[in-house]
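Heavy atoms only: backbone and side chains are in, while hydrogens, waters and symmetry mates are out.
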Amino acid sequence: MMRTIASRLGWTLLVIWFVVSVTFAMIMWIPAEPARALLGPHATPEAIERVRAHYCLNENVAGQYACYVGSLARLDFGIFALHAAQMAM
């Protein structure tokens, strides 16, 4: 019984890690700059820098992945489109 539970827990964690990693890779392969895409074409350079700092886009890929996984662990799934306009100001 305990062996089955441990096995299923292990597979569950492996699948979660795989899905998170594939999602991160898909986000990284998008040809657009995420900060500019989030804020729109009329965003100020200061607002773009704030978004880059918030999402750790100034880091290398390993740092961005660590920040991404950390934010998911804190249940921080990003900002909604309604809040993007406030961040642009």
Side-chain angles (χ1 to χ4, degrees):
M1 177 76 165
M2 290 301 286
R3 187 175 186 186
T4 304
I5 292 172
S7 174
R8 289 190 181 202
L9 181 63
W11 278 107
T12 300
L13 292 175
L14 183 66
V15 168
I16 289 172
W17 172 79
F18 180 76
V19 169
V20 167
S21 297
V22 167
T23 305
F24 177 78
M26 289 171 48
I27 292 169
M28 293 302 294
W29 288 335
I30 294 174
E33 181 185 6
R36 192 169 296 278
L38 180 67
L39 295 177
H42 303 294
T44 64
E46 294 83 18
I48 292 173
E49 275 305 311
R50 281 198 310 262
V51 169
R52 284 182 185 153
H54 182 264
Y55 289 111
C56 304
L57 297 174
N58 297 334
E59 303 285 331
N60 59 11
V61 176
Q64 289 179 17
Y65 183 75
C67 185
Y68 181 72
V69 171
S71 66
L72 290 178
R74 290 188 308 275
L75 303 178
D76 177 16
F77 300 115
I79 60 174
F80 295 100
L82 297 175
H83 299 290
Q86 292 175 350
M87 193 171 234
M89 294 181 181

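Residues Ile30 and Val20 are members of separate hydrophobic clusters, defined by side-chain heavy-atom contacts under 4.5 angstrom among Ile, Leu, Val, Met, Phe, Trp and Tyr. Trp17 and Met26 fall within a single hydrophobic cluster, where Ile, Leu, Val, Met, Phe, Trp and Tyr side chains are chained together by heavy-atom contacts under 4.5 Å. Linking Ile, Leu, Val, Met, Phe, Trp and Tyr whenever their side-chain heavy atoms come within less than 4.5 Å leaves Val15 and Ile5 in two separate clusters. Linking Ile, Leu, Val, Met, Phe, Trp and Tyr residues whenever their side-chain heavy atoms come within less than 4.5 Å leaves Trp29 and Ile27 in two separate clusters.
Taking each heavy atom of Gln64 and Glu59 in turn, the nearest pair found is NE2-O, 3.0 Å.
The CH2 atom of Trp11 sits 13.5 Å away from the CD1 atom of Ile16 when rounded to the nearest 0.5 Å. We find the CE-OG1 distance between Met2 and Thr4 to be 10.0 Å, quoted to the nearest 0.5 Å. Within the model, atoms CG of Leu38 and CD of Glu33 stand 10.5 Å from one another, a figure rounded to the nearest 0.5 Å.
For Glu49, the salt bridge (charged side-chain N to carboxylate O under 4.0 Å, His left out) partners two or more places apart in sequence, or in a different chain, are Arg52.
Side chain of Ser7 to main chain of Arg3: no donor-acceptor pair is present (N/O by atom type, distance under 3.5 Å, no hydrogens or angles).
Two residues are said to be in side-chain contact when any heavy atoms from C-beta on lie closer than 4.5 Å; Tyr65 and Val69 meet this criterion.
Tyr68 and Phe24 have tilted rings, their planes meeting at an angle from 30° to 60° on a 0 to 90° scale.
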